[in-house]
**Student:** 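Handing you this structure, nothing more for now.
All chains are named by letter (A, B, ...) in the order of the sequence lines, taking the proteins before the strands, and each is independently numbered beginning at 1.
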Number of protein chains: 2
Amino acid sequence: MKELTDKQTKVLQFINKFHADNAMMPTVREIAANFKLSIGSVQQHLKALQSKGFLIKRGSLSRGIDFPNRQNFSAVAILGSVHAGTFLEQVEDANDYVYINTDITRNRKCFALKVKGDSMEPSGIVEGDTIVVSQGEKVYNGDIVVALVDGESAVKIFYKEHDKIFLKSSNPHYPTITSDNIEIVGKLIYLVREYKG
Amino acid sequence: MKELTDKQTKVLQFINKFHADNAMMPTVREIAANFKLSIGSVQQHLKALQSKGFLIKRGSLSRGIDFPNRQNFSAVAILGSVHAGTFLEQVEDANDYVYINTDITRNRKCFALKVKGDSMEPSGIVEGDTIVVSQGEKVYNGDIVVALVDGESAVKIFYKEHDKIFLKSSNPHYPTITSDNIEIVGKLIYLVREYKG
DNA sequence: GATTATACTATACATTTGTATTTAAGTCAA
DNA sequence: TTGACTTAAATACAAATGTATAGTATAATC
């Protein structure tokens, strides 16, 4: 990627913010108005941003500029809560969602859970966090997973040795779980935390 | 919410998909072309969708229809990184953003930082996390803040006793900071973490 | 029968928007 | 100096787009 001048950067930032705020791209004249510039001046900035690969054009449509790697969001449903220490509770109304970038979900099957308990605190996962889990994914030693143990679920660190699965808590006060009946539901790919008040 | 006719439902679905695919609302004529309808016909459908509350209009802008409850995201710029243990580094290109729901930012002035170090690990803030900070906010004892101490910044837990400010690390290996020259930059309102690989 | 809502066409017009052209000034490097 | 690049303004024109109006037809309801 070539480098941008100060002005080009500012124009790109404005476009970014405008799009985030209004769910549409600005017109040439809307950009001009924001910076108190002439139309022609903005045209040149847009041209530069295009030739440097920071914007692309869709024909001569109105509001027809686009980002080469536009931010797409998918709504991931929060299905329930999971005791990082012990096990899962179903939540009745699945009307709550986390919105995350499709760059992260990448067409994978995902769902989200609210964390309860403190068994994963040393790994930075605390009560109230919302974790996004990708299903049907290959897991490796050290990955953080949501697993079903004898029908109940938990967030743990995955380890496999000699075909035997061990589920470790990062908090040493909790025992390592092992069982013949462990099913890996999915792997942690994202976490969000909201600080309220 | 009043009910929609079959045709109105189809038009609304098309608008929805068009918006998801192209990050912009369709024009009257684009809708007409899709359904092989006349312009006036589409106008009526849009009018009906508006009067029933499924769409709203923004003036007479091109592509100026909108969903009443669209998820709004604001792009929060990642301005640099901050050592949760020690101090801040500026990042030159502010082309990186976190996208968070405006329900959370609520018109507050925000910026984001990448966390380095482990001084806040017991609070669930670990290396690589992206934290969103709200500026110029009232802070209370126990809040997690970004503060400037003698010109350098850090993420700490805020305490004030007898007009003296203390900045505590949750990791006991780090000392509590106190100084006559402490400025509170902002308060933590959000955190995101991506698990890669 | 009269009224209302829906569905559709066709056309005209005003505004918005993208694009092109010309001119000019400043910076920086060869 | 020359040339390339950036920044900027002013204006004109074509295309895209929103809006308004008039007319037809069907079905449901009172």
**Student:** For the rings on Tyr195(B) and Tyr190(A), is their centre-to-centre separation under 6.0 Å?
**Tutor:**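 Judged by ring-centre distance (under 6.0 Å), Tyr195(B) and Tyr190(A) do not meet the cut-off.
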**Student:** Hydrophobic clusters here meaning ILVMFWY residues chained together by side-chain heavy-atom distances under 4.5 Å, can you tell me if Val126(A) and Leu113(A) are in one?
**Tutor:** no
**Student:** In a check of side chain to side chain contact (heavy atoms under 4.5 Å, CB included) between Met120(B) and each of Asn171(B), Ile157(B), Leu188(B), which one passes?
**Tutor:**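 Exactly one candidate clears the test, Ile157(B).
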**Student:** With rounding to the nearest 0.5 angstrom, report the OH to CG distance, Tyr159(A) to Leu167(A).
**Tutor:**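 Going from OH on Tyr159(A) over to CG on Leu167(A), the span is 11.5 Å.
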**Student:** Taking 4.0 Å as the cut-off, does a side-chain nitrogen or oxygen of Lys52(B) come that near to OP1 or OP2 on dT6(C)?
**Tutor:**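 Checking Lys52(B) against dT6(C): at least one side-chain N or O falls below 4.0 Å of OP1 or OP2.
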**Student:** Assess whether a salt bridge exists between Lys10(A) and Asp6(A), defined as any Lys/Arg side-chain N lying under 4.0 Å from an Asp/Glu carboxylate O.
**Tutor:**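 Looking at Lys10(A) and Asp6(A), the cut-off is not met.
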**Student:** Without decimals, in angstroms, what is the distance between Lys36(B) NZ and dA10(C) C1'?
**Tutor:**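 To the nearest whole Å, that distance equals 19 Å.
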**Student:** What I want to find out is whether Arg63(B) reaches Glu30(B) closely enough, with some N-O distance under 4.0 Å, to be called a salt bridge.
**Tutor:** yes
**Student:** Just to confirm, is there a sub-4.0 Å distance from OP1 or OP2 of dC5(D) to any side-chain nitrogen or oxygen of Thr5(A)?
**Tutor:**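 So the side chain of Thr5(A) is outside the cut-off, no N or O lying under 4.0 Å from OP1 or OP2 of dC5(D).
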**Student:** Any side-chain to backbone donor/acceptor pair from Gln8(B) onto Thr5(B)? Under 3.5 Å, distance only.
**Tutor:**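 Side chain of Gln8(B) to backbone of Thr5(B), a donor-acceptor pair under 3.5 Å: yes, one is there.
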**Student:** Mind calculating the distance between CZ (Phe35(B)) and P (dC8(C)) to the nearest angstrom?
**Tutor:**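 Going from Phe35(B) (CZ) to dC8(C) (P), I get 10 Å.
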**Student:** Along nucleotides 23-30 of chain C, 5' to 3', which nucleotides get a B, which get an S, and which get a -, given that the test is a protein heavy-atom distance under 4.0 Å?
**Tutor:** --------
**Student:** Indicate for each nucleotide in nucleotides 12-20 of chain D, in 5' to 3' sequence, whether protein heavy atoms under 4.0 Å reach the base (B), only the sugar-phosphate (S), or nothing (-).
**Tutor:** ----SBBBB
**Student:** As a test of understanding, state which of Lys114(B), Lys116(B), Arg193(B) forms a salt bridge (charged side-chain N to carboxylate O under 4.0 Å, His left out) with Asp129(B).
**Tutor:** Arg193(B)
**Student:** Output yes when at least one side-chain N/O atom of Lys47(B) is less than 4.0 Å from OP1 or OP2 of dA5(C), else no.
**Tutor:**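 For dA5(C), OP1/OP2 do not have a side-chain N/O of Lys47(B) under 4.0 Å.
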**Student:** Kindly say if His45(A) contacts the phosphate of dT6(D), meaning a side-chain N or O under 4.0 Å from OP1 or OP2.
**Tutor:** no
**Student:** Would you please name every residue forming a salt bridge (Lys or Arg N to Asp or Glu O under 4.0 Å) with Lys164(B), sequence neighbours left out?
**Tutor:** Asp180(B)
**Student:** Give a yes/no answer on whether the side chain of Lys7(A) brings an N or O atom under 4.0 Å of OP1 or OP2 in dA8(D).
**Tutor:** yes
**Student:** Rounded to whole angstroms, how far apart are CD1 on Ile31(B) and P on dA7(C)?
**Tutor:** 14 Å
